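Given the structure is predicted, the values throughout are model-derived calculations rather than measurements.
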Amino acid sequence: MSAEDEVWLRGGLIVDGSGGPPVEGDVGIRAERIIDVVPGGIPHGTAGRDVDCRGMVVTPGFIDIHTHSDASFLLNHTAPSKVMQGVTTEVVGNCGFSAFPVDPDRRALLEEFLKGLGIPRLETAWVDFEGYAQAVAGARPVMNTAALVGHGALRIAAMGMGDTDSTAEARDRMAILLRTALEQGAFGLSTGLTYVPSSFATPDELHALGRVVADSGALYATHARVTEGFDAFEEAFEFGRRTGARVQFSHVSLNDPRSWGKAGDVLERFEKVECEGVDIRFDVYPYDASASSLTQYLPAWLQADGEEAIAAHLNDAELHERARAELSAGLFGSIPWDWSRVLLSLTGPGDEDMEGRTVKEAADRESVTPEDLCLRLCARHGNRAQVVLFYRSEDDVRAFLRHRMAILGSDGSALPESAPGRPHPRNFGAHARLLQRYVVDDQLLSLPEAVHKSTLAAAERLDVPDRGRLARGTMADVVVLDLPNVREVGTWTDPCRQARGVRDVWINGTAVVSAGALTGACPGQVLRR
């Protein structure tokens, strides 16, 4: 390739991802890689194409360490909600959900399980990570993906959805499937310990799999259980102590109003366990509300046999009353419900008019109790029904965001603007919100800190050595930001709106956003460990 094929980003403020101070200069791209980063710039008149970046900020492409874009590029290969924020790599397979491995006899169970991501039923025409990776690559994704192995998928493949302790045979089967996926290039293991069937796992089962993770030098990402006090954090810490695996605590938060304001206590615990020798970090998204499938909040016994069984059980008057009573006991059985804080974001045919209303509002309109409304929606729509919960404190979010261990992870998905329902705005705005609200407006973080949490910190956690930093020889995932104009545009009631302020994006050396618009290029790759 000749020098004429080079692209030089000229005169921008370079924030290289390291956390170090910005410098003005030039960044050169040739083919898939960065050929040089030159503080002060190089002489004009050299070969190649110049892109004027004066007044702009040039950063590495953002790596979203916690996403649920497992099916995004199979359903819509451009899915622009993330790339229009400067995200160039999605880490999928989180919270125990992954589209592999697949046991052919339990394929339908896995496909049903994946609907909990808020997607239509995905037909899984593969059995392992290799087959899944080939399918994603064949779809020509606009962005890169890096995959974890979901513990829920492992358990379904080995033993189904049931509320039973794993046998030695089932654990061996899960270990083999996990090891195979890691050898094929998956980056680690994730758990979703509030989701069935991952919630049925004992610590011994998880530690056995954790030793496979540690032996492979891979990553363990955990969506913790909801427990009294701080026991959920302790379970993650003990996993690290017992297995030696690197631990990524997923979307750290305090969801119980009785614990609001105690982020400092949690952070002290993270620091203490790090001093003990546990390799631990956490990810966080910049919102005081979470989102998930409504079925997650049903009693576990009601979920254990799948969606059809949920509907069948709820048609039984005695079981319906049992489910209603247990749901009434609180969020995960212990946190008091405030149904005015629970927003219906996605329902299903016949109930679309409820989307955008709180459960309390919708229940009042239907003249039913909130619990009966939730059970009705779960019976009708199964795992598709989605909610947003305003059960967090902004002060806690800020404390977690600014801590040195924090990595930005949206917990969202790459979506088109035509996505159904009213999904959490994080899908369209998490990275833009970080820059707009917490760097420019509130100055909670410096620009280098925020970029580091979105780039090199994630790359190092995944152990991806050639992304996340602007340096000679790294892959050319590059973003040009008009920082004063970076904006999250979506709202809680109108969330599917693309963020603004990202002028240009290169992925693997190819321009996918130019002058604020998609170019149509789709150079994304499936990354392998």
Side-chain angles (χ1 to χ4, degrees), residues 12-17 19 22 53 55-67 80-90 143 251 253 283-291 388 390 392-403 406-415 417 422-458 478-505 513 515-518:
L13 185 68
I14 299 170
V15 183
D16 68 5
C53 295
M56 300 287 143
V57 174
V58 183
T59 76
F62 300 149
I63 299 171
D64 193 335
I65 199 168
H66 189 107
T67 87
S81 69
K82 295 292 195 68
V83 75
M84 293 304 294
Q85 299 176 67
V87 179
T88 56
T89 299
E90 296 276 273
M143 299 166 62
H251 40 58
S253 61
D283 48 78
V284 59
Y285 51 90
Y287 296 88
D288 60 2
S290 60
V388 173
F390 294 87
R392 295 180 183 177
S393 152
E394 173 68 13
D395 287 344
D396 290 335
V397 171
R398 293 169 66 88
F400 290 132
L401 273 174
R402 66 174 171 249
H403 194 270
I407 301 172
L408 194 74
S410 71
D411 199 15
S413 302
L415 298 174
E417 287 186 291
R422 291 172 174 81
H424 195 301
R426 65 193 180 191
N427 299 282
F428 287 81
H431 287 77
R433 181 182 179 91
L434 180 75
L435 296 171
Q436 173 192 350
R437 180 167 184 166
Y438 296 104
V439 174
V440 175
D441 293 346
D442 293 356
Q443 298 181 17
L444 178 74
L445 299 169
S446 70
L447 179 59
E449 286 175 322
V451 171
H452 176 70
K453 290 175 183 294
S454 303
T455 56
L456 187 60
V478 186
V479 176
V480 177
L481 300 168
D482 182 6
L483 185 62
N485 293 308
V486 170
R487 290 287 181 274
E488 176 190 30
V489 179
T491 65
W492 295 107
T493 55
D494 186 15
C496 298
R497 301 177 66 189
Q498 291 178 4
R500 297 176 186 163
V502 171
R503 195 192 74 175
D504 307 304
V505 179
V513 177
L518 293 168

Residues forming a side-chain hydrogen bond (donor to acceptor under 3.5 Å, both in side chains) with Q85, sequence neighbours excluded
none
For L401 and L444, what are the C-alpha separation, side-chain angles and deciding distance, and is it a side-chain contact (heavy atoms from CB on, under 4.5 Å)?
CA-CA 9 Å; L401 273 174; L444 178 74; 4.2 Å; yes
Do you know the tightest heavy-atom contact between S413 and S81?
O-OG, 3.2 Å
Sequence neighbours excluded, the answer for side-chain hydrogen bond (donor to acceptor under 3.5 Å, both in side chains) partners of D482 is N485
Residue pair K82 / S410: nearest heavy atoms and the distance that separates them
NZ-OG, 3.1 Å
Considering all heavy atoms of both residues, which atom of M84 and which atom of G516 are nearest to each other, and what is their separation?
CE-O, 3.3 Å
Report the distance from atom CZ of R503 to atom CE of M56, rounding to the nearest 0.5 Å.
5.0 Å
Exam field: side chain Q436 to backbone R433, donor-acceptor pair closer than 3.5 Å:
no
Residue that, paired with I63, satisfies side chain to side chain contact (heavy atoms under 4.5 Å, CB included) out of L456, T89, I407, T455:
T89
Please name all residues satisfying side-chain contact (heavy atoms from CB on, under 4.5 Å) with S454, sequence neighbours left out, ordered by chain then number.
F62, L408, H431, L434
State whether the number of non-hydrogen atoms from other residues, nucleotides or ligands found under 6.0 Å of R487 atom CZ is greater than 12.
yes
Taking every non-hydrogen atom, the tightest pair across A406 and V284:
CB-CG1, 4.1 Å
Heavy-atom nearest pair, A450 first then L435, reads CB-CD2, 4.3 Å
For R392, which residues count as a side-chain hydrogen bond (donor to acceptor under 3.5 Å, both in side chains) partner, sequence neighbours excluded?
S253, N255, Y285
Look up atom CG in L447 and atom OG1 in T59, then write down how far apart they are to the nearest 0.5 Å.
8.5 Å
Sequence-distant partners of D16, side-chain hydrogen bond (donor to acceptor under 3.5 Å, both in side chains), two or more places apart
S18
For D442, what residues pass the side-chain contact (heavy atoms from CB on, under 4.5 Å) criterion, not counting sequence neighbours?
R398, R437, Y438
Within this structure, what is the CD-OH distance for the pair E488 and Y287, rounded to the nearest 0.5 Å?
3.5 Å
With sequence neighbours left out, write down each residue that passes salt bridge (Lys or Arg N to Asp or Glu O under 4.0 Å) with D411, or none if nothing qualifies.
R426
Which distance, rounded to the nearest 0.5 Å, do you find between the CD of E90 and the CE of M143?
4.0 Å
Nearest 0.5 Å, please: how far is CG in L415 from CG in N427?
4.5 Å
Could you tell me which residues satisfy side-chain contact (heavy atoms from CB on, under 4.5 Å) with V440, sequence neighbours excluded, listed by chain and number?
L483
Give every donor-acceptor pair under 3.5 Å between a side-chain atom in residues 490-497 and any protein atom, sequence neighbours left out.
{"residue": "T491", "atom": "OG1", "partner": "D494", "partner atom": "N", "Å": "2.9"}

Report the C-alpha separation of V15 and V57 in whole Å, then their side-chain angles, then the decisive distance to 0.1 Å, and conclude whether the side-chain contact (heavy atoms from CB on, under 4.5 Å) test is met.
CA-CA 7 Å; V15 183; V57 174; 3.8 Å; yes
Has the side chain of K453 got a donor or acceptor atom that lies under 3.5 Å from a matching backbone atom of P448?
no
Who are the side-chain contact (heavy atoms from CB on, under 4.5 Å) partners of V502, not counting sequence neighbours?
V479, L481, V505
Working to the nearest 0.5 angstrom, can you tell me the gap between R402 CZ and L445 CG?
9.0 Å
